[in-house]
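Structure record follows, encoded as structure tokens.
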Amino acid sequence: MAKEIKMPDLGTAVKQVTLLNWCKEEGEFVKRGEIICEVETDKATTELESIAEGVLLKQVVPANSEVEVGEVIAYVGQEGESISTSQPSQESAAKQDLPQGSPEQTKSGPRIATMVRNLATKLNVDLNAVQGSGPGGRITCQDVKEAKQMAGSQEPPTTCQQGAAISKNQLGVARTITKSWQEIVPISVTAKVDMS
């Protein structure tokens, strides 16, 4: 039976990471512990190792896509093995567990992550009017921010004035510094030193 490869918890506070690129293509043999893809968090770029040995049957998530921790990103199994449709993905299983009439059920299309829903509430963005750019049309945090900017938001742009794109690492540093200035009282210390 095909083995699910899920996005592990990389030990950061962020529960959504970017799958940058695949190091193995569909149909290639993968050893246990071999690098299959590269992922980027707000702090660093990390190589992800396979937890199973066999043929990479399917890449569920395309490169340069936002992925949540615990989400299935690929299947590894025997050559020629078909991925059983009876294997429920984490997303469909979570959707089945939801009570009827819940926000997750009433929203048509892919399930919306709690983090994305909270951000939309904070920025006062209607998710029904947001077009998702993630896998399967999933709405990402970036989609919500762009929707807010298009609606005339004062959200700071993600590029500097010179036009150079800001990396995810730089955005993480900027968020941390901004948060510290907002939540922690800054203290300035001065001292006189006799350099003679």
Side-chain angles (χ1 to χ4, degrees), residues 1-97 104 109-117 119 130-146 158-159 164-176:
M1 191 170 86
K3 176 86 173 176
E4 293 179 340
I5 306 295
K6 297 182 180 181
M7 179 59 64
D9 187 346
L10 300 173
T12 64
V14 178
K15 295 301 178 185
Q16 197 172 37
V17 299
T18 303
L19 195 154
L20 291 177
N21 59 70
W22 287 96
C23 301
K24 291 286 184 178
E25 297 299 325
E26 291 183 4
E28 285 190 59
F29 186 79
V30 180
K31 293 181 181 178
R32 186 180 179 89
E34 195 171 6
I35 306 300
I36 58 170
C37 65
E38 292 182 338
V39 296
E40 184 183 42
T41 66
D42 59 341
K43 296 185 181 297
T45 300
T46 307
E47 295 176 331
L48 193 64
E49 298 179 356
S50 174
I51 59 169
E53 184 168 321
V55 175
L56 182 59
L57 300 174
K58 184 177 181 182
Q59 298 172 350
V60 179
V61 179
N64 295 314
S65 298
E66 296 290 326
V67 185
E68 290 182 41
V69 171
E71 183 178 340
V72 176
I73 60 171
Y75 288 94
V76 173
Q78 299 300 317
E79 187 173 359
E81 182 180 1
S82 61
I83 301 168
S84 173
T85 55
S86 63
Q87 291 179 309
S89 67
Q90 181 193 23
E91 187 173 315
S92 61
K95 191 173 282 187
Q96 290 172 1
D97 293 339
E104 298 283 1
R111 187 170 66 91
I112 300 172
T114 305
M115 179 172 60
V116 175
R117 193 176 294 282
L119 179 63
V130 178
Q131 182 69 33
S133 64
R138 175 177 290 176
I139 298 174
T140 65
C141 289
Q142 187 62 33
D143 295 330
V144 175
K145 290 177 182 177
E146 288 175 359
T158 57
T159 57
I166 296 177
S167 70
K168 200 159 190 173
N169 294 353
Q170 290 171 319
L171 284 174
V173 171
R175 283 193 207 102
T176 304

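Position 1 is the first residue of the sequence; numbering continues from there. Quick caveat, the model's predicted, so the values are computed rather than measured.
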| message | Going by the rule side-chain hydrogen bond (donor to acceptor under 3.5 Å, both in side chains), which residues pair with N64 if we only count those two or more places apart in sequence or in a different chain? | response | none
| field | Nearest heavy-atom neighbours spanning A63 and L20 | value | CB-O, 3.4 Å
| query | Would you say V76 and I36 make side-chain contact, with heavy atoms under 4.5 Å? | reply | no
| L48 side, atom CG; L19 side, atom CG - distance, nearest 0.5 Å | 8.0 Å
| remark: Shortest non-hydrogen pair, V144 vs V130, comes out as N-CG1, 4.5 Å
| Under 3.5 Å, is there a donor-acceptor pair between the side chain of E38 and the main chain of C23? | no
| message | Side chains of V60 and E71, heavy atoms from C-beta outward: is any pair under 4.5 Å? | response | no
| said: To the closest 0.5 Å, what do you measure between CD (E4) and CD1 (I73)? | reply: 11.0 Å
| said: On a heavy-atom basis, which atom in K31 and which in S50 lie closest, and how many Å separate them? | reply: O-CB, 3.8 Å
| said: So which atom in M7 and which in E68 form the shortest heavy-atom distance, rounded to 0.1 Å? | reply: CB-O, 3.6 Å
| field | Test side-chain hydrogen bond (donor to acceptor under 3.5 Å, both in side chains) applied to E47 - qualifying residues, sequence neighbours left out | value | none
| field | Point-to-point distance, once rounded to the nearest 0.5 Å, from CG of L119 to SG of C141 | value | 5.0 Å
| Do the side chains of K3 and E53 get nearer than 4.5 Å, heavy atoms only? | no
| message | Are the side chains of V67 and V39 in contact, using a 4.5 Å heavy-atom criterion? | response | no
| So, do E49 and I35 sit near enough that their side-chain heavy atoms are less than 4.5 Å apart? | yes
| request: State, to 0.1 Å, how close Q78 and L57 come at their nearest heavy-atom pair, and which atoms those are. | output: O-CD2, 3.5 Å
| Which residues share a side-chain hydrogen bond (donor to acceptor under 3.5 Å, both in side chains) with E34, sequence neighbours left out | K24
